[in-house]
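A short write-up of the structure that comes next.
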Amino acid sequence: MKFYDLITVNSNLTYYYIYNDELKIVRASFSKKIVEGLKREENPHFNEIFKTYFFKRKPLSEIEYILPDTLTDFEKSVLEETKKIKFGKTATYKEIAERIKRPKACRAVGNALGKNPLPVIIPCHRIVSSTGPGGFTGGIWIKKFLLKLES
DNA sequence: GGTCAGATATAGC
DNA sequence: GCTATATCTGACC
């Protein structure tokens, strides 16, 4: 059984997350679409963690989550490296590519991050292009908002 | 400013 | 199944 809950960040930004009965996050998004058909079950534990991040601007606590097993090793590596980026820091697509021994696979890195099932928890917004802000699924303004939040 | 490289997914044949 | 095309890019021409 899966449930979801949400955090209202501001008037036009809401963070939705889905968790299972083992209290592990399985999916998150800034779009309402991923939670359609699911039952909302408020969860004080996760709620508190996300509130601390969004409103007190503190690093996200360790959160238990499950990555879909449909991800390839390459994608898992990308997400793992991304997760190592500290609060307030940024990295480039190239740096991630180099860390997973694929220095020329920077474009593939972008692709993997674009499919990131757990935005914020896996801080894909901290990955920027060397030529500009890069992109962000759902809107670049969300990325800018998150970076500003951490600055 | 165009092109190609790298991993993957999806669409079309 | 294979080819073409599209991605949150970067390097080299």
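In this text, all values refer to a predicted model and were calculated from it rather than measured experimentally. To find a chain, count down the sequence lines: A is the first, B the second, and so on, and within it residues start at 1.
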- Query: Counting just side-chain N and O atoms, does A:Ser129 come under 4.0 Å of either OP1 or OP2 of C:dC8?
  - Reply: no
- Message: Side-chain N or O of A:Ser130 versus OP1/OP2 of C:dG10: is the shortest distance under 4.0 Å?
- Response: yes
- Message: So, OP1 or OP2 of B:dT8: does either fall under 4.0 Å of a side-chain N or O from A:Lys115?
- Response: no
- Task: Using atom CD of A:Glu98 as one end and atom C1' of B:dA7 as the other, report the distance to the nearest whole Å.
- Result: 17 Å
- Item | Of the listed nucleotides B:dA7, C:dA11, C:dC8, the one nearest the side chain of A:Lys143 | C:dC8
- Return yes if some donor-acceptor pair links the side-chain N/O of A:Arg27 with the main-chain N/O of A:Pro117 below 3.5 Å, else return no. yes
- Message: Could you identify the nucleotide paired to C:dC8, looking across every strand shown and requiring Watson-Crick or G-U wobble geometry with both distances under 3.5 Å?
- Response: none
- Query: In whole angstroms, how far is the P atom of B:dT8 from the CZ atom of A:Arg102?
  - Reply: 8 Å
- Length of the CD1-P vector between A:Ile100 and C:dT9, whole Å: 15 Å
- Message: Rounded at 0.5 Å granularity, tell me how far CZ in A:Arg126 sits from CG in A:Leu113.
- Response: 12.5 Å
- Item | Nearest listed nucleotide, side chain of A:Lys104, among B:dA5, B:dA7, C:dC8 | B:dA5
- Message: Could you tell me how far apart A:Lys94 (NZ) and C:dA11 (C1') are, to the nearest whole angstrom?
- Response: 8 Å
- Query: So which one's nearest nucleotide on DNA chain C is more toward 5', A:Ala108 or A:Val128?
  - Reply: A:Ala108
- Task: Starting from P on B:dA5, measure out to CG on A:Asn111 and report it in whole angstrom.
- Result: 18 Å
- Message: Is the ring pair A:Phe54/A:Phe30 parallel, tilted or perpendicular, if the boundaries are 30 and 60 degrees?
- Response: perpendicular
- Looking at the side chain of A:Phe74, which of B:dA7, C:dC8, C:dA11 is the nearest nucleotide? B:dA7
- Task: Calculate the interatomic distance between A:Leu147 atom CG and C:dC8 atom P; express it in whole Å.
- Result: 17 Å
- Message: Do A:Phe145 and A:Asn10 have side chains that approach each other closer than 4.5 Å (heavy atoms only, starting at C-beta)?
- Response: yes
- Separation of C:dT9 atom P from A:Phe136 atom CZ, nearest Å, is 13 Å
- Backbone N or O of A:Lys2 within a donor-acceptor pair of the A:Asn20 side chain at under 3.5 Å? no
- Item | Nearest-Å distance for atom pair CD1/P, residues A:Ile96 and B:dT8 | 16 Å
